[in-house]
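First the structure, in the form of structure tokens, and then the observations on it.
Residue numbers run from 1 in the order of the sequence given.
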Amino acid sequence: MRIDAKARIALAITFVIGIAVGVFGAAEFFRPRGPEPERASSNGELPRFVREMEHYLEPRDSAQRAALRPLLLTTDSLNRETVQHAQETMRDGLTKLRNRAVSVLDADQLKRLDRFIEDRALDRGPRGGIGDPRGAPGPRP
């Protein structure tokens with residue numbers, strides 16, 4: 001084979017490899033990123049949502065449980081992200097309320113409002129879950 005033909009083949013192969021790397025790299029770069037599913041804690045305990053859904057759904061066997069678990073973990077992560085965003089938005093709204101109402105409220109009222117905002121910042125969300133018949137809102141234990 002002539003040297004000219006070998007050079008053309010080497011260039012063509014390099015070109016094809018470059019295109020493949022570029023396509024896969026761009027696909028990875030533009031791939032939508034969702035929250036990663038939460039894994040079991042170091043002591044092996046699953047998130048509460050996953051435990052309750054598995055209890056509620058009663059998987060037929062370990063294969064079905066194994067197929068459901070990643071779906072439940074992903075949903076749990078999405079739910080946690082949504083709740084965290086909502087809590088941050090509500091806390092920001094309360095802070096804006098305080099800043100706008102500072103000229104209207106007296107010192108005691110401002111202290112109470114500050115305490116309310118601080119208490120809500122520590123709130124972990126509703127305690128009423130799937131297994132809780134009361135479904136009452138309030139901090140989690």
Assigning hydrophobic clusters by single linkage (Ile, Leu, Val, Met, Phe, Trp, Tyr; side-chain heavy-atom cutoff under 4.5 Å), is Ile17 placed with Val23? no
The reported gap from CG in Asp114 to CZ in Arg112 (rounded to nearest 0.5 angstrom) is 11.5 Å
Measure across Ile117 and Leu94 and return the closest heavy-atom pair with its distance rounded to 0.1 Å. CD1-O, 3.5 Å
Test Leu68 against Glu54 for side chain to side chain contact (heavy atoms under 4.5 Å, CB included), laying out the working first. CA-CA 8 Å; Leu68 277 172; Glu54 285 182 351; 5.7 Å; no
Mind listing the closest non-hydrogen atom pair of Phe49 and Asp76 along with its distance? CB-OD1, 3.3 Å
According to a 4.5 Å side-chain heavy-atom criterion applied to Ile, Leu, Val, Met, Phe, Trp and Tyr, with indirect links allowed, do Met90 and Phe116 form part of one hydrophobic cluster? no
Contact summary for Arg80 and Pro47, nearest pair of heavy atoms: NH2-CB, 3.6 Å
Verify the cluster assignment for Tyr56 and Leu72: are they in a single hydrophobic cluster under the rule of side-chain heavy atoms below 4.5 Å apart? yes
Separation of Lys111 NZ from Leu105 CG (nearest 0.5 Å): 13.5 Å
To the nearest 0.5 Å, what is the distance between OG1 (Thr95) and CZ (Arg100)? 10.5 Å
Yes or no on side chain to side chain contact (heavy atoms under 4.5 Å, CB included) for Leu46 and Arg69, after CA distance, side-chain angles and deciding distance? CA-CA 10 Å; Leu46 290 170; Arg69 188 156 291 168; 3.3 Å; yes
Heavy-atom closest pair (Val104 atom, Gln109 atom, distance to 0.1 Å) is O-OE1, 4.4 Å
So does Arg8 have more than 12 non-hydrogen atoms from other groups sitting under 6.0 Å from CZ? no
Grab the two heavy atoms, one from His55 and one from Glu58, that are nearest each other, plus how far apart they are. O-CG, 3.3 Å
Same cluster for Ile3 and Leu11 if Ile/Leu/Val/Met/Phe/Trp/Tyr side chains link at under 4.5 Å? no
To the nearest 0.5 Å, atom CD1 of Ile9 lies from atom CG of Asp4 at 10.0 Å
